[in-house]
Number of protein chains: 2
Amino acid sequence: MKQLLGNLKISVHEKLYLKDPESSALGKKIIEQSILLINEIGFEGFTFKKLGSAIGSNESSVYRYFENKHKLLLYLTSWYWGWMEYRLVFETHSIADPDEKLNKAIEIICRPIVEDSTYVHINEVLLNKIVVNEFSKSYLTKEVDEENKEGYFSIYKRLVHRVEEMVAEVDPSYHFSSSLASTLIETSLHQQFLKEHFKSITNCNDKVSTSDFLLDLVSKILKK
Amino acid sequence: MKQLLGNLKISVHEKLYLKDPESSALGKKIIEQSILLINEIGFEGFTFKKLGSAIGSNESSVYRYFENKHKLLLYLTSWYWGWMEYRLVFETHSIADPDEKLNKAIEIICRPIVEDSTYVHINEVLLNKIVVNEFSKSYLTKEVDEENKEGYFSIYKRLVHRVEEMVAEVDPSYHFSSSLASTLIETSLHQQFLKEHFKSITNCNDKVSTSDFLLDLVSKILKK
DNA sequence: CGAATATAATAGTAATACTATCATAATTGA
DNA sequence: TCAATTATGATAGTATTACTATTATATTCG
């Protein structure tokens, strides 16, 4: 798995950046430090000025790579979903049994992230936290329709489609495969947030994982 | 129902405002116009300066009621969940059958909002749209733990608890009643968003409602 | 080595998110 | 009823944000 992914660049929509951050050391530093900084101070408090000093430079350098922090967030979350998609595809493609395949997919989506040394400048553990806390903000905007048309959310939607296909393979008679797939992914993020901040409205915790909840849910919803 | 609610003031956490907007004509105008304006230009573009001119005054007047726009958003969404809670309680309290009661609750949560003339200065249809588009932003912040401790999200959490209780009454053996309840409410908002902006990853549309999806889901998950 | 390109530093602008002050209008209660 | 309180409205000011533009200095690459 690691070798396979080793040479793979996770591809992100070209219009999300002005200059590909993967193409230079400075670009990688921007990505690396933005992940650390957004985690530390939150997306609202995050500015290119602060990022500039985090990379030992100033804002003008960052602006050469990204138009604004919204685009940078779209870049980071797209990368995350692209990475998740690869994991999903590689880890499930050899599974023939539809039921087992979907269960594996749910497990992958819900599984706590552990450090992946394949992409040295990207801390996937922290990036996952950014996705939990900030991904919604990337589409809950007035510009969502334009940006969707532009294709900025296509990796995310493609991932949902992959899950949807797996759902449909388990139970072709089920009428809500898309909604279930989008709900599974959304719920994996939402329950992770609740576990951390609103413990009283979730059953998920150190002992009960989100995948326990969702595996049970899916097993009951779909006919085999 | 209307008469019953007619004299009822939906109560919102006192610390969310500096001066109770329900206590004056100007305060009500602030609430009324903020709902219109946030809908029109989105929460990011919304400022107290713009709100000031919308109410025919200026920002200083608004600042006397709310510390900042984040608190105002918390006020609006709390009001919405309080209003939803009343509807839920009144419309379900006379239902004895647990199954029927939970189904009614889901229907209430998912049902498209229609104008409610009880609260003249509050446009519930638009407020619902604000909740769909902006509610997440009210808790996806660095300050969520403090604000949660302060009680700013208690109405929302109480609503989830009410749904949870209904779930538990239908099937006491079900292990994930809290997570299911929070997922039902979150999904009602999320699918409403998808229906509008990311149609390809939902089955919900003009013909198929979100409650169709969730009623089916719950009926399969819970043992009767 | 010299030209092109990338990076860094500085300056400047309009808008935001406030705080503070003061004048005036409305209300209310002795 | 009128003085006092309180609410509202207008103006000004500050630090920060979210940029754009320009220029100087490195770096690299043919």
Side-chain angles (χ1 to χ4, degrees), chain A residues 14-34 37-38 40-76 121 134 137-138 140-143 146-147, chain B residues 14-34 37-38 40-76 121 134 137-138 140-143 146-147:
Chain A
E14 284 198 352
K15 280 202 172 177
L16 288 178
Y17 47 79
L18 297 169
K19 177 179 172 167
D20 186 356
E22 290 292 329
S23 71
S24 73
L26 185 68
K28 283 174 187 161
K29 225 163 147 192
I30 286 173
I31 297 305
E32 181 183 24
Q33 293 298 316
S34 66
L37 196 54
I38 292 173
E40 203 182 316
I41 62 176
F43 188 66
E44 276 67 46
F46 172 82
T47 67
F48 277 6
K49 191 172 187 182
K50 291 174 188 166
L51 179 58
S53 54
I55 61 168
S57 177
N58 62 13
E59 30 178 0
S60 60
S61 303
V62 181
Y63 276 110
R64 248 177 277 110
Y65 285 83
F66 292 99
E67 265 181 76
N68 51 50
K69 69 175 186 172
H70 172 67
K71 287 272 173 79
L72 172 55
L73 178 62
L74 285 171
Y75 179 94
L76 294 175
H121 60 298
E134 323 291 359
K137 298 172 193 166
S138 76
L140 295 174
T141 67
K142 278 285 160 188
E143 298 77 31
E146 288 164 57
E147 295 187 347
Chain B
E14 285 198 351
K15 280 202 171 175
L16 288 177
Y17 47 78
L18 297 169
K19 177 178 174 169
D20 185 357
E22 289 292 329
S23 71
S24 73
L26 184 67
K28 284 174 187 160
K29 224 161 143 191
I30 286 172
I31 298 305
E32 181 183 24
Q33 293 298 316
S34 65
L37 195 53
I38 292 173
E40 202 183 314
I41 62 177
F43 188 66
E44 275 67 47
F46 172 82
T47 69
F48 277 5
K49 191 170 188 184
K50 291 173 187 167
L51 179 57
S53 54
I55 61 168
S57 178
N58 63 13
E59 30 175 4
S60 59
S61 304
V62 182
Y63 275 109
R64 251 178 253 114
Y65 285 82
F66 292 98
E67 266 180 74
N68 51 51
K69 71 175 186 171
H70 172 68
K71 287 274 173 78
L72 173 55
L73 179 61
L74 285 170
Y75 180 95
L76 293 175
H121 60 298
E134 323 290 359
K137 298 172 192 167
S138 77
L140 294 174
T141 68
K142 278 284 160 188
E143 298 76 31
E146 289 163 55
E147 295 187 348

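Not measured: the values here are computed from a predicted model. Sequence lines set the chain letters: A, B, ... in the order given, protein chains first and strands last, and positions in each chain run from 1.
For B/Ser61, the side-chain contact (heavy atoms from CB on, under 4.5 Å) partners are B/Leu26, B/Ser57, B/Asn58, B/Arg64, not counting sequence neighbours. Annotation: salt bridge (Lys or Arg N to Asp or Glu O under 4.0 Å) contacts of A/Lys15 (sequence neighbours excluded): A/Glu150. Considering only residues two or more places apart in sequence or on other chains, B/Ser53 meets the side-chain hydrogen bond (donor to acceptor under 3.5 Å, both in side chains) condition with none of them. Taking the salt bridge (Lys or Arg N to Asp or Glu O under 4.0 Å) definition, one finds that B/Lys137 meets it with B/Glu44, B/Glu134, sequence neighbours left out. By the side-chain contact (heavy atoms from CB on, under 4.5 Å) test, B/Lys142 is found to be paired with no residue, residues two or more places apart in sequence or in another chain being considered. The side-chain contact (heavy atoms from CB on, under 4.5 Å) check on A/Lys69 picks up A/Phe43, A/Phe46, A/Phe48, with sequence neighbours excluded. With sequence neighbours excluded, the residues that form a side-chain contact (heavy atoms from CB on, under 4.5 Å) with A/Asn68 are A/His70, A/Lys71. Residues passing the salt bridge (Lys or Arg N to Asp or Glu O under 4.0 Å) test with B/Glu59: none are found, sequence neighbours excluded.
Close approach of DNA chain C to chain B, defined as any atom under 4.0 Å from a non-hydrogen atom of the protein, starts and stops at C/dT16 to C/dT19.
Residues of residues 14-29 of chain A having a heavy atom closer than 4.0 Å to DNA chain C, listed by number: A/Lys19, A/Ser24, A/Leu26.
The salt bridge (charged side-chain N to carboxylate O under 4.0 Å, His left out) pairs that include a residue from residues 23-34 of chain A number zero, where partners must be two or more places apart or lie in different chains.
Rounding to the nearest 0.5 Å gives a distance of 5.0 Å between NZ of B/Lys50 and OG1 of B/Thr47.
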**OP:** Go along nucleotides 16-30 of chain D 5' to 3' and tag each nucleotide: B for a protein heavy atom under 4.0 Å from its base, S when only backbone or sugar atoms are that close, - otherwise.
**Re:** -SSBB----------
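Contact between the side-chain N/O atoms of B/Tyr65 and the OP1/OP2 oxygens of D/dA7 is not found at any separation under 4.0 Å.
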